[in-house]
Amino acid sequence: MKKILALSLAAAMALGLAACGVGTTTAESSTPPAGETTPATGAPSAEVTNAEKPLVWFNRQPSNSTTGELDMDALSFNDNTYYVGFDANQGAELQGQMVLDYIEANIDTLDRNGDGIIGYVLAVGDIGHNDSIARTRGVRSALGTAVEVDGNVDSTPVGTNLDGTSTYVKDGSIEINGTTYTVRELASQEMKNSAGATWDAATAGNAINTWSASFGDQIDVVVSNNDGMGMAMFNAWSQANNVPTFGYDANADAVAAIANGYGGTISQHADVQAYLTLRVLRNALDGVDVDTGIGTEDDAGNVLSDDVYYYDEASRSYYALNVAVTAENYQGFLDSTVTYAPVSNQLDASAHPEKRVWLNIYNAADNFLSATYQPLLQNYDDLLNLNVEYIGGDGQTEANITNRLTNLDSYDAFAINMVKTDNAASYTYILGQ
Ligand code: BGC
Ligand code: CA
């Protein structure tokens with residue numbers, strides 16, 4: 001519904017609103033005639049409907065959680081809608097390769113019970129989340145345990161598979177220094193708690209306790225779809241038992257744990273993603289090309305090089321590229337909340353006046369989003385002159401968040417992190433009211 005603004009034509013022109021769509025800066029109308037005042041800094045021009053305001057989806061790409069098909073209605077909700085995430089497949093391949101490299105380099109001490117089987121367990125984040133699916137596939141592909149179904153690697157958790165008879169995986173085989181070893185996924189499970197929260201670290205800690213109590217000496221490697229769950233397993237069992245544990249996200253605690261035996265992690269370049277999340281909104285609000293400060297240097301000198309991200313026009317999606325973090329290079333990743341230097345220059349507040357953004361984190365208890373992503377956003381919001389309202393969800397129900405998607409007229413732009421990738425319409429419905 002378009003809001004009609006009761007302004008005389010003269011007043012509208014004086015305020016520079018006549019031509020003001022999304023993206024026209026109010027800074028252009030810097031000299032109001034006597035008696036007029038400029039709109040309060042950050043107050044959105046009332047004639048822009050909420051459905052027209054810049055919108056960015058991040059971390060969970062609008063898509064069908066069963067088929068992975070992108071939700072293009074959500075991704076092209078308006079002309080200033082984008083998704084920011086990272087390249088899930090490239091990162092998943094890196095994670096699988098990192099684990100395989102470790103096995104090859106440490107084979108002499110790896111097979112703890114000497115049965116010729118390299119047994120691993122896998123913590124799955126969310127069976128309907130494309131990142132989680134990709135990582136499960138990446139690890140299985142690299143270790144030779146993948147089974148294809150309809151041309152895709154099956155990502156179904158096995159439960160337990162001590163005898164190697166699961167049909168979701170197969171036994172892999174690797175030859176190292178002339179000896180052939182079997183690789184077996186002994187167990188895997190979606191780490192979802194009873195309330196429904198996925199990627200749940202506490203559930204992973206409980207799972208490793210259960211698994212290790214019944215077949216601990218068979219577990220040679222622990223792999224996790226993320227560091228939150230990986231560190232829970234490391235702390236609960238694997239550190240004390242010298243079992244290498246691999247995660248994903250390069251959260252600060254996980255990177256620090258590499259010094260104490262954590263096997264490695266993957267940086268999804270959250271420093272680049274958090275920047276992009278807010279930058280696409282800033283650009284739309286400034287009415288400049290979306291590439292400003294991204295592929296094209298902005299007036300403050302911010303620019304990204306194409307070895308850290310790419311843009312896919314068809315899906316209106318920005319993807320950061322991943323980097324493996326292991327014992328060799330972890331020193332440079334110890335603080336996961338520092339902004340990325342090439343895009344850390346403060347924007348000038350007169351040319352880029354303060355704007356208000358509504359932003360939610362789907363689960364305030366998610367290790368990656370709360371300990372890495374949000375602190376980064378909070379560093380960038382200052383640099384980009386954005387006044388961001390952060391809303392933390394419970395990780396379980398969309399309504400917990402959408403109930404707080406209110407007072408929309410006081411925001412200039414929206415940044416959304418859904419609970420489930422299928423649920424974009426719950427948000428766009430509200431924006432379209
Ligand atoms: C991260 C996970 C996180 C999830 C939340 C993923 O990209 O790797 O750690 O739990 O996003 O959606
Ligand atoms: Ca073994």
Side-chain angles (χ1 to χ4, degrees), residues 57-63 65 83-89 91-92 94-95 103 106-121 123-136 138 162 164 171 174 179 181-186 190-193 197-201 203-204 215-221 224-232 241 243-244 246-251 253-254 265-270 273-274 277 319-320 322 336 360-374 392-393 395-396 401 416-421 423:
W57 307 98
F58 68 96
N59 178 258
R60 302 192 151 198
Q61 192 170 28
S63 54
S65 61
Y83 168 72
V84 173
F86 63 98
D87 187 329
N89 296 327
L94 272 182
Q95 192 191 26
I103 292 175
N106 295 278
I107 194 66
D108 293 345
T109 53
L110 207 67
D111 182 7
R112 298 169 71 232
N113 64 356
D115 63 354
I117 301 174
I118 304 303
Y120 73 94
V121 296
V124 172
D126 174 348
I127 53 171
H129 189 297
N130 50 345
D131 298 346
S132 185
I133 293 170
R135 292 171 200 172
T136 297
L162 301 184
D171 278 354
I174 45 174
T179 306
Y181 297 85
T182 294
V183 183
R184 180 170 299 162
E185 185 168 311
L186 299 169
E190 182 187 40
M191 300 304 173
K192 187 173 180 170
N193 71 13
T198 54
W199 305 88
D200 189 57
T203 304
F215 53 90
D217 66 337
Q218 296 180 57
I219 305 173
D220 301 314
V221 178
S224 172
N225 282 173
N226 80 356
D227 282 335
M229 300 182 296
M231 282 300 290
N241 290 278
V243 175
F246 297 86
Y248 202 111
D249 289 341
N251 288 344
D253 62 335
T265 181
I266 302 290
S267 162
Q268 54 169 287
H269 251 310
Q273 288 181 71
T277 302
Y319 298 104
N322 303 265
S336 63
N360 88 283
I361 298 291
Y362 93 98
N363 182 0
D366 183 273
N367 301 61
F368 168 64
L369 293 168
S370 64
T372 298
Y373 212 101
Q374 184 170 336
Q396 295 149 32
I401 300 161
I416 297 175
N417 177 210
M418 293 172 282
V419 175
K420 281 206 81 187
T421 62
N423 288 344

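Atoms within each ligand, like the ligands themselves, are counted from 1 in listed order. For reference, positions follow the sequence shown, starting with 1.
- The heavy-atom pair separating Asp220 from Arg112 by the smallest distance is OD1-N, 2.9 Å.
- With distances taken over non-hydrogen atoms, the option nearest atom 4 (C) of ligand 1 out of Phe86, Phe58, Trp199 is Trp199.
- For the residue pair Ala123 and Met229, the shortest heavy atom distance occurs at O-CE, 3.8 Å.
- Of the N or O atoms in Gln268, one or more lie within a sub-3.5 Å distance of an N or O in ligand 1.
- The minimum distance between the Ca ion (ligand 2) and any N, O or S atom of Asp220 involves atom OD2.
- With hydrogens and angles left out, the side-chain atoms of Asp253 and Asn251 include no donor and acceptor closer than 3.5 Å.
- Considering both main-chain and side-chain atoms, Arg135 comes within under 3.5 Å of ligand 1 through a nitrogen or oxygen pair.
- Near Tyr362, meaning under 4.0 Å from any of its heavy atoms, are these atoms of ligand 1: 5 (C), 12 (O).
- Where the criterion is an N or O separation shorter than 3.5 Å, residue side chain and backbone included, Asn417 fails it with respect to ligand 1.
- Between Phe86 and Tyr248, the two ring planes are tilted [angle within 30° to 60°].
- Summary of contacts: the protein heavy atom closest to atom 9 (O) of ligand 1 is Asp249 OD2, 2.4 Å.
- Within the coordination shell of the Ca ion (ligand 2), defined by N, O or S atoms under 3.0 Å, Asp111 is present.
- Neither the backbone nor the side chain of Met229 has any atom closer than 4.0 Å to an atom of ligand 1 (non-hydrogen atoms only).
- Within the 3.0 Å limit, Asn113 places at least one N, O or S atom next to the Ca ion (ligand 2).
- A donor-acceptor pair under 3.5 Å links the side-chain atoms of Asn417 to the main chain of Tyr362, judged by distance alone.
- Just one residue in the list Asn322, Asn89, Asp87 forms a side-chain contact (heavy atoms from CB on, under 4.5 Å) with Leu94, and that residue is Asn322.
- Within Asp115, the N/O/S atom positioned nearest the Ca ion (ligand 2) carries the name OD1.
- Closest protein heavy atom to atom 12 (O) of ligand 1: Asn59 OD1, 2.5 Å.
- Residue His129 approaches ligand 1 through these ligand atoms, each under 4.0 Å from one of its heavy atoms: 12 (O).
- What you find for Ala92 and Ala134 is that their closest heavy atoms are CB-O, 3.0 Å.
- With hydrogens and angles disregarded, no donor-acceptor distance shorter than 3.5 Å links the side chain of Gln268 to the backbone of Ala88.
- Listed here is the closest heavy atom pair of Asp171 and Arg184: OD2-NH2, 2.7 Å.
- Of all protein heavy atoms, the one closest to atom 7 (O) of ligand 1 is Asp131 OD2, 3.0 Å.
- Taking every heavy atom of Asp366 and a limit of under 4.0 angstrom, the matching atoms of ligand 1 come to 3 (C), 5 (C), 10 (O).
- Residues Thr421 and Arg60 approach most closely at CG2-CB, 4.0 Å, considering heavy atoms.
- Not a single N or O atom of Tyr248, backbone or side chain, sits closer than 3.5 Å to an N or O atom of ligand 1.
- The distance from the Ca ion (ligand 2) to the nearest N/O/S atom of Ile117 is under 3.0 Å.
- Between the side chain of Gln61 and the main chain of Tyr83, no donor-acceptor pair closer than 3.5 Å is present.
- Distances below 4.0 Å separate heavy atoms of Arg60 from the following atoms of ligand 1: 5 (C), 12 (O).
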